[in-house]
Amino acid sequence: MIKETKYAIFEYEESDAVLINELSDFINDNAERIFNFFGVNARIKPVIKIIPTKVEFDKQFIKDHSWAGPDYQCEKWLRGYAKNETITYLSIHDYKNTSHAFKNYRKALEDYKRTLLHE
């Protein structure tokens, strides 16, 4: 699925559709502040790819980084990266397979949104 917003283009699976409005609202509410802080004038919309599972995310990381050979093992904490105006980000729904596993969903979601904005 694809959703274009004021500041980003989201690519995601149906399983993450419930997240997209909240993520896009958070980015829309905070993007100008970040642009101003860094003095960024260009307004290229990044593509934000939400990857549903850690296994798929790790495979994409290896594919996107030539230095990571086929036997490379991604760290459990790795959940997002930016490359060529694309942000690849693990779905919060598979955090159980990372070192970011959580008990409090609302608190984890706030961290998830801030980390996405960071990327």
Side-chain angles (χ1 to χ4, degrees):
M1 302 178 84
I2 297 175
K3 178 176 181 172
E4 185 167 351
T5 66
K6 184 175 179 180
Y7 294 107
I9 301 167
F10 289 87
E11 293 181 5
Y12 58 98
E13 300 296 320
E14 188 173 339
S15 59
D16 288 307
V18 296
L19 288 173
I20 301 307
N21 286 337
E22 190 159 357
L23 293 175
S24 64
D25 288 348
F26 186 78
I27 289 173
N28 287 342
D29 292 345
N30 291 282
E32 285 297 327
R33 179 177 56 84
I34 300 301
F35 292 149
N36 291 337
F37 178 81
F38 287 108
V40 175
N41 292 322
R43 298 291 197 255
I44 296 171
K45 288 183 182 182
V47 173
I48 300 172
K49 293 182 180 182
I50 306 292
I51 308 296
T53 69
K54 180 70 165 126
V55 170
E56 292 172 85
F57 176 87
D58 290 353
K59 286 179 185 176
Q60 188 65 49
F61 181 89
I62 292 166
K63 181 180 175 185
D64 287 345
H65 296 86
S66 59
W67 54 265
D71 295 329
Y72 183 79
Q73 296 292 312
C74 293
E75 299 290 340
K76 285 189 69 129
W77 53 260
L78 184 60
R79 58 183 168 171
Y81 61 93
K83 183 176 182 180
N84 300 330
E85 286 99 32
T86 298
I87 297 168
T88 304
Y89 203 45
L90 176 64
S91 171
I92 195 171
H93 295 123
D94 201 35
Y95 267 29
K96 65 186 175 286
N97 291 310
T98 73
S99 59
H100 301 284
F102 56 86
K103 292 182 182 178
N104 182 319
Y105 179 78
R106 284 307 310 168
K107 185 176 176 182
L109 183 59
E110 290 306 310
D111 178 63
Y112 186 75
K113 293 186 298 189
R114 285 190 304 271
T115 302
L116 177 58
L117 188 63
H118 164 81
E119 294 295 338

Fill in: Any donor-acceptor N/O pair, Lys54 side chain to Leu78 backbone, under 3.5 Å
yes
For residues 69-76, tabulate all N or O donor-acceptor pairs below 3.5 Å that involve a side-chain atom, not counting sequence neighbours.
none

Discussion item. Between Lys59 and Glu56, does the salt bridge (charged side-chain N to carboxylate O under 4.0 Å, His left out) criterion hold? Intermediate values first, please.
Written reply: CA-CA 5 Å; Lys59 286 179 185 176; Glu56 292 172 85; over 6 Å; no
Practice prompt. Could you tell me whether Lys96 and Asp94 have a side-chain N and a carboxylate O separated by less than 4.0 Å?
Written response: yes
Worksheet item: Mind checking what makes ring-ring contact (aromatic ring centres under 6.0 Å, His included) contact with Tyr112, not counting sequence neighbours?
Response: Tyr89, Tyr95
Discussion item. Do Phe10 and Ile27 have side chains that approach each other closer than 4.5 Å (heavy atoms only, starting at C-beta)?
Written reply: yes
Response to the item:
Residues passing the side-chain contact (heavy atoms from CB on, under 4.5 Å) test with Gln60, sequence neighbours excluded, are Lys63, Asp64, Tyr81, Thr88
Item to complete: Drop me the distance from Leu23's CG to Lys3's NZ, to the nearest 0.5 angstrom.
Response: 10.0 Å
Fill in: Candidates Glu4, Glu85, Glu11 - the one meeting salt bridge (Lys or Arg N to Asp or Glu O under 4.0 Å) with Lys45
Glu4
Worksheet entry | Transitive ILVMFWY side-chain link Ile2 to Ile44, under 4.5 Å | no
Discussion item. For Ala101, give me all partners under side-chain contact (heavy atoms from CB on, under 4.5 Å), at least two apart in sequence or on another chain.
Written reply: none
Response to the item:
Sorted by chain and number, sequence neighbours left out, side-chain contact (heavy atoms from CB on, under 4.5 Å) with Asn104 holds for Arg106, Lys107
Worksheet entry | Test ring-ring contact (aromatic ring centres under 6.0 Å, His included) applied to His93 - qualifying residues, sequence neighbours left out | none
Worksheet item: Is there side-chain contact between Arg114 and Asp111, with heavy atoms separated by less than 4.5 Å?
Response: yes
